[in-house]
Number of protein chains: 2
Amino acid sequence: MSGNQTIDEPTAAAGRRERRRAETRAEIIDAAWQLAREEGLAGISMRELGARVGMRAQSLYGYVASKNDLYDAMFRQGYEVAGALVASWPAPPLTRAVLKDRLGAWIAFCVEDPVRYQLLFQRTIPDFEPSPASYALAVDVLAGLGEVLGAIGIDDPAAMDLLTAIVTGLTSQQLANDPGGDRWVRLAGEAVDMFLDHYGALPT
Amino acid sequence: MSGNQTIDEPTAAAGRRERRRAETRAEIIDAAWQLAREEGLAGISMRELGARVGMRAQSLYGYVASKNDLYDAMFRQGYEVAGALVASWPAPPLTRAVLKDRLGAWIAFCVEDPVRYQLLFQRTIPDFEPSPASYALAVDVLAGLGEVLGAIGIDDPAAMDLLTAIVTGLTSQQLANDPGGDRWVRLAGEAVDMFLDHYGALPT
DNA sequence: GTCTATATCCAGATAGAC
DNA sequence: GTCTATCTGGATATAGAC
């Protein structure tokens, strides 16, 4: 096990160590997601989380600075996925079919992981506040979503508020009353038609 | 202070005691609502609640059997108010104006107390389960609401799901993004028109 | 890098004195 | 009817041994 290289051996070892550390941290965060899905977001305890990855709770502090830091990492991870989804939105011009498709994809994203939805879009974890960096990312992603909706070409801000309410309502009903199903998700296309017809936008 | 009546004096005293007890219990429940509005529903602690009504936490157990019992009393109280609102819905025939008015009142009820909304309609208090009696009341009230919406005369269940999604979405956006304001609440009338026009119901 | 041991704090709930 | 005292159990987090 002794080194046979002279200069960059310690550096390489440090890199390996770092990589290993990052892997363990990722494993911890994955386990935290799964635990949250079973026990609820607020139900994550450091004891139980440690047990899931084969450590005592205290040892986790070598990888996350605090419980808030853990939540923050999950928050960031969630918004990175959301950001990728928003970035995949095709460039204008926007058609009805594209709008339906993209809003459908957004709702699917929201609905596919209730715990993630709760962490990213609701404010229900006691005492959790995202770090400035993570918060900035969230603001960015949501601004991107707004921009993309602006391409519909409706000027009335009230109309846009109504659209976000429809999307939120479908999501919220789906999560609350038919989790895992599609009773409300499948109404998205019809809802978009209803909305666009009412405001005479994006004619077929 | 000695009794000057012979038979029903002890009974009257017992009635007074009972009445006093009920008053104290009501005071505790009121304080719990207020505490929940400040600290969140999950933030109610028996210690702090006791302090609010001038008792030690332990003494509360003379009035509520457990913390779950306290939540249950609040849950029941909330659904009693909701039930009264639903019962006030006028008899058919239903007009567009009446529908707008009643749905507006319902949304206003939901929005006027976020904590109550959370307790009644979301499932976010860890380990709280309503008693069978309270749950039955809730089912009753919601069934009444459904009946009343049935009077619109749209047969398509998907359409009714879309309507509930719209109402939920307006409520949810209002609570999340403009608490205390009316940015989404005021869109209810327009939303109802959009919905009814789309399905050709309740012509003006 | 993980452990044991521990500090600190808070929760809900019960027993029994006054 | 409210108190003091106490039980039980859980949480996050730190210090220091190995």
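So that the names make sense, note that chain A is the first sequence line, chain B the second, and so on, each numbered from 1.
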Roughly, in whole Å, what's the span from CZ in B:Arg25 to C1' in D:dG1?
16 Å
With a 4.5 Å heavy-atom cut-off, do A:Val185 and A:Thr171 have their side chains touching?
no
Sugar-phosphate or base contact per nucleotide [nucleotides 7-18 of chain C; S, B, -; heavy atom under 4.0 Å]:
----BSBB----
Residue-phosphate contact under 4.0 Å: B:Arg21 side-chain N/O, D:dG1 OP1/OP2:
no
Let me know the distance between CG of A:Leu49 and P of D:dA13, rounded to the nearest Å.
12 Å
Identify, with sequence neighbours excluded, every residue that meets side-chain hydrogen bond (donor to acceptor under 3.5 Å, both in side chains) alongside B:Trp33.
B:Gln77
Would A:Ser131 and A:Arg76 count as having a side-chain donor-acceptor pair, cut-off 3.5 Å?
no
When the side chains of residues 113-127 of chain A are checked against the rest of the protein, which donor-acceptor pairs come out under 3.5 Å, sequence neighbours left out?
residue, atom, partner, partner atom, Å
A:Asp113, OD1, A:Val115, N, 3.3
A:Asp113, OD1, A:Arg116, N, 3.3
A:Asp113, OD2, A:Arg37, NE, 3.2
A:Asp113, OD2, A:Arg37, NH2, 3.0
A:Arg116, NH2, A:Phe109, O, 2.7
A:Arg116, NH2, A:Glu112, OE2, 2.9
A:Gln118, NE2, A:Thr124, OG1, 3.1

Measure from the ring center of A:Phe75 to the ring center of A:Tyr71 and say whether it is less than 6.0 Å.
no
Is the shortest side-chain heavy-atom distance between B:Ile29 and B:Tyr63 below 4.5 Å?
no
In whole angstrom, give the distance that lies between atom CZ of A:Arg56 and atom C1' of C:dT2.
10 Å
Grab the CZ-P distance between A:Arg16 and C:dG1 for me, whole Å please.
12 Å
Between B:Ser59 and D:dG1, does any side-chain N or O lie under 4.0 Å from OP1 or OP2?
no
Expressed as a whole number of angstroms, how long is the span from A:Glu39:CD to D:dA11:P?
10 Å
Nucleotide of D:dC3, D:dG1, C:dT2 approaching A:Tyr63 most closely (side-chain heavy atoms):
C:dT2
